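Reckoned from all heavy atoms, side chains included, excluding hydrogens, waters and symmetry mates. For ligands, and for the atoms within them, numbers begin at 1 and follow the listed sequence. Bear in mind that the values here come from a model prediction, so they are computed numbers and not experimental data.
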Amino acid sequence: MRDAFLKRLFAMIKCESCGHNYEVAGIEVLGHEDNLWLFSASCNFCQTQGLIAIVVKEGKIAEVITDLTEAEYERFSQSVTVGVDDVLDMHNFLKEFDGDLTCMFSEG
Ligand SMILES: [Zn+2]
């Protein structure tokens with residue numbers, strides 16, 4: 001993904017907490033698997049951190065999931081440290097995962 005694309009992408013995504021747009025500087029790519037990209041983002045305005053899952057198809061954004069709360073993010077970040085192994089795990093996980101990602105990311 002090119003920077004320009006990322007900037008355009010995140011200009012469209014608003015912080016779940018305060019409604020301000022995320023800035024590219026606060027965004028970190030956690031990993032990707034084919035069309036699914038995972039990002040962690042922190043809001044410059046309210047400092048809320050969130051996880052963002054984005055499905056990109058043919059250069060278009062098909063789906064954006066941004067409903068992780070800070071508490072959920074903390075739990076996630078404690079259980080997952082992203083490294084090469086984790087990206088491989090994610091790869092395997094997504095290969096076998098057959099459900100709706102929104103289910104995984106909502107509810108505590
Ligand atoms: Zn915010």
Rounded to the nearest 0.5 Å, what's the gap from [atom1] on [X] to [atom2] on [Y]? Could you check?
| X | Y | atom1 | atom2 | value |
| --- | --- | --- | --- | --- |
| I13 | Y22 | CD1 | OH | 8.0 Å |
| I54 | H32 | CD1 | NE2 | 13.0 Å |
| C43 | K14 | SG | NZ | 11.5 Å |

Legend entry - Any N, O or S atom of H20 closer than 2.8 Å to the Zn ion (ligand 1): no
Legend entry - Degrees at the Zn ion (ligand 1) between the SG atom of C18 and the SG atom of C15, nearest 10°: 110°
Inset, instruction - If you have a sec, read the angle at the Zn ion (ligand 1) from C46 atom SG over to C43 atom SG, to 10 degrees. - result: 110°
Inset, instruction - Could you tell me which non-hydrogen atom of S40 sits nearest to which non-hydrogen atom of L30, and how far apart they are? - result: N-CG, 3.8 Å
